[in-house]
**Q** 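One structure, as structure tokens, below. Some questions next.
Just so you know, residue 1 is the first one in the sequence shown, and it goes up from there.
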Amino acid sequence: MDTAIFPSTLLLTLLLSVGLFFFIRASTKDRITKAQLVSEQDEDALMPKVKEYFRSRSYQVAAIDREKNQVIFEGFVQPSLFLAVFLTLLAFGGMACLALVLSMLFPDFGTLFIGLVILSPLSGLFYWKKSGRFEKVSFQIESPNQGELSSASKITVIAHRDELMELQKALQLKSAD
């Protein structure tokens, strides 16, 4: 077999392994986003719905700032079992490929490289430890000005982007952008 094939395959496999490493690391990244939303409901009707929504998602009121009309919710975000298993399987596949290439390049140490596959559950464990955390959600409602005819309320929410999408769907909020 051509001697240039193995080193080039090793290089490509190492590049893919680096990509896999950064993908696993990015799975725990904090994705806090600020969004401006609009609701057709007035503040008095909207605030109880927001509180109930966050209470149903296991958030609790941490602070209320009446001057700014802002409520801060706090809750523990559970890691996803599906994602932990998925990352473990991806790491298993990546480590198996790397072990195969290394065992072909260095046949004397072939069985040692198969031991790399044993490290794959560490990726799921890494995700599980890092992604379970307390998160804060800041929610601020701005009532329409006296001169405006519209009863729409402008809402500023600072939260995880997935939480923002769920809130928008649950309360039928529109983006202000």
**Q** Begin from the C-alpha positions of L20 and L90 and carry the test side chain to side chain contact (heavy atoms under 4.5 Å, CB included) through to its verdict.
**A** CA-CA 8 Å; L20 177 63; L90 280 179; 3.9 Å; yes
**Q** Restricting to side chain to side chain donor-acceptor pair (under 3.5 Å), what partner residues turn up for S103, sequence neighbours left out?
**A**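 Partners of S103 by the side chain to side chain donor-acceptor pair (under 3.5 Å) criterion come out as none, since no residue qualifies.
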**Q** Does the pair Q168 and K174 meet the rule for a side chain to side chain contact (heavy atoms under 4.5 Å, CB included), with working shown?
**A** CA-CA 7 Å; Q168 202 169 352; K174 296 179 181 101; 5.6 Å; no
**Q** Can you name the residues that form a salt bridge (Lys or Arg N to Asp or Glu O under 4.0 Å) with K34, not counting sequence neighbours?
**A**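 K34: no salt bridge (Lys or Arg N to Asp or Glu O under 4.0 Å) contacts found.
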**Q** At what distance, to the nearest 0.5 angstrom, does CZ of R161 lie from CZ of R31?
**A**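 So the CZ of R161 and the CZ of R31 are separated by 5.0 Å.
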**Q** Heavy atoms, side chains only, cut-off 4.5 Å: are F139 and L167 in contact?
**A**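 Yes, their side chains come closer than 4.5 Å.
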**Q** Is there a chain of hydrophobic side chains (I, L, V, M, F, W, Y, each step under 4.5 Å between heavy atoms) that links L83 to F23?
**A**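 Yes, because L83 and F23 connect within a single hydrophobic cluster, where side-chain heavy atoms sit under 4.5 Å apart.
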**Q** Would you say F109 ends up clustered with L100 if hydrophobic residues are merged whenever their side chains have heavy atoms under 4.5 Å apart, either directly or through other cluster members?
**A**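 L100 and F109: one cluster.
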**Q** Is the count of non-hydrogen atoms from other residues, nucleotides or ligands lying under 6.0 Å from F126 atom CZ greater than 12?
**A**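 Check passes, neighbour count above 12.
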**Q** Could you give the distance from CE (M104) to CD1 (I5), rounded to the nearest 0.5 Å?
**A**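 Nearest 0.5 Å value for the CE-CD1 distance: 9.0 Å.
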**Q** Between P121 and T88, which heavy-atom pair has the shortest distance, and what is it?
**A**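 Looking at all heavy atoms of both residues, the closest pair is CA-CG2, 3.8 Å.
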**Q** Please give me the minimum heavy-atom distance between A62 and E74, naming the atom from each residue.
**A**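 Reported closest heavy-atom pair: CB-CB, 3.9 Å.
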**Q** Got I158 and T33 here, is their nearest side-chain heavy-atom distance under 4.5 Å?
**A**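 Answer no - side chains too far apart.
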**Q** Drop me the distance from L16's CG to C97's SG, to the nearest 0.5 angstrom.
**A**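 Interatomic distance, L16 CG to C97 SG, rounded to 0.5 Å: 8.5 Å.
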**Q** Show the nearest heavy-atom pair for residues Q78 and F76, with the distance to one decimal.
**A**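 Minimum heavy-atom contact is OE1-CE2, 3.1 Å.
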**Q** To the closest 0.5 Å, what do you measure between CG (L98) and CG (L119)?
**A**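 L98 atom CG to L119 atom CG measures 10.5 Å (nearest 0.5 Å).
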**Q** With rounding to the nearest 0.5 Å, note down the distance linking CG in L173 to CD in Q36.
**A**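 Reported to 0.5 Å precision, the distance equals 12.5 Å.
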**Q** Can you tell me how far apart CG (L171) and NZ (K49) are? Round to the nearest 0.5 Å.
**A**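 Between atom CG of L171 and atom NZ of K49 there are 7.5 Å.
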**Q** For residues S131 and T28, report the shortest heavy-atom separation together with the two atoms involved.
**A**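 Nearest pair, atom of S131 first, then T28: N-CG2, 4.2 Å.
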**Q** Check whether any side-chain heavy atom of V101 lies under 4.5 Å from a side-chain heavy atom of F6, and answer yes or no.
**A**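 They are not in contact (no side-chain heavy atoms under 4.5 Å apart), so the answer is no.
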**Q** According to a hydrophobic-cluster definition based on side-chain heavy atoms being under 4.5 Å apart (Ile, Leu, Val, Met, Phe, Trp, Tyr only), do W128 and L89 belong together?
**A**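 W128 and L89: one cluster.
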**Q** With a 4.5 Å cut-off on side-chain heavy atoms, are E166 and R57 touching?
**A**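 Touching, per the 4.5 Å side-chain cut-off.
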**Q** Looking only at non-hydrogen atoms, find the nearest pair between I155 and S39 and report the distance.
**A**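 Answer, listing the atom of I155 first, then S39: CD1-CB, 3.8 Å.
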**Q** Who are the salt bridge (Lys or Arg N to Asp or Glu O under 4.0 Å) partners of R133, not counting sequence neighbours?
**A**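 Listed in chain order: D30, E135.
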**Q** Count I, L, V, M, F, W, Y as connected when their side-chain heavy atoms are under 4.5 Å apart, and connections chain through other members. Are L116 and L105 then in the same cluster?
**A**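 Looking at the clustering, L105 is in the same group as L116.
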**Q** Ignoring hydrogens, what is the shortest heavy-atom contact between L87 and S27? Give both atom names and the distance.
**A**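 That closest heavy-atom pairing would be CD1-OG, 3.4 Å.
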**Q** Step through it carefully: locate the ring centre of Y59, locate the ring centre of F73, and say whether they are under 6.0 Å apart.
**A**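 No - the distance between ring centres of Y59 and F73 does not fall below the 6.0 Å cut-off.
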**Q** Does one side chain, of S138 or Q70, offer a donor that lies under 3.5 Å from an acceptor on the other?
**A**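 Q70 and S138 do have a side-chain donor-acceptor pair below 3.5 Å.
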**Q** Take atom OH of Y53 as the centre, draw a 6.0 Å sphere, and report whether it contains more than 12 heavy atoms from other residues, nucleotides or ligands.
**A**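 Yes.
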**Q** Show, in sequence, the C-alpha distance, side-chain angles and deciding distance for Q60 and F54, and conclude whether the side chain to side chain contact (heavy atoms under 4.5 Å, CB included) test is met.
**A** CA-CA 7 Å; Q60 297 172 348; F54 283 114; over 6 Å; no
**Q** Just wondering, do I72 and V137 contact through their side chains at under 4.5 Å, heavy atoms?
**A**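 No; the side chains remain at least 4.5 Å from each other.
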**Q** Could you tell me whether R55 and E52 have a side-chain N and a carboxylate O separated by less than 4.0 Å?
**A**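 Counted as a salt bridge, because a side-chain N and a carboxylate O are separated by less than 4.0 Å.
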**Q** Under 4.5 Å between side-chain heavy atoms, counting indirect links through other Ile/Leu/Val/Met/Phe/Trp/Tyr residues: same cluster for F82 and L125 or not?
**A**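 Unlinked, F82 and L125 end up in two clusters.
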**Q** Between M47 and V71, does the side chain to side chain contact (heavy atoms under 4.5 Å, CB included) criterion hold? Intermediate values first, please.
**A** CA-CA 9 Å; M47 189 55 88; V71 179; 3.9 Å; yes
**Q** Using a 4.5 Å cut-off on heavy atoms from C-beta on, say whether the side chain of Y127 contacts that of S80.
**A**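 In contact.
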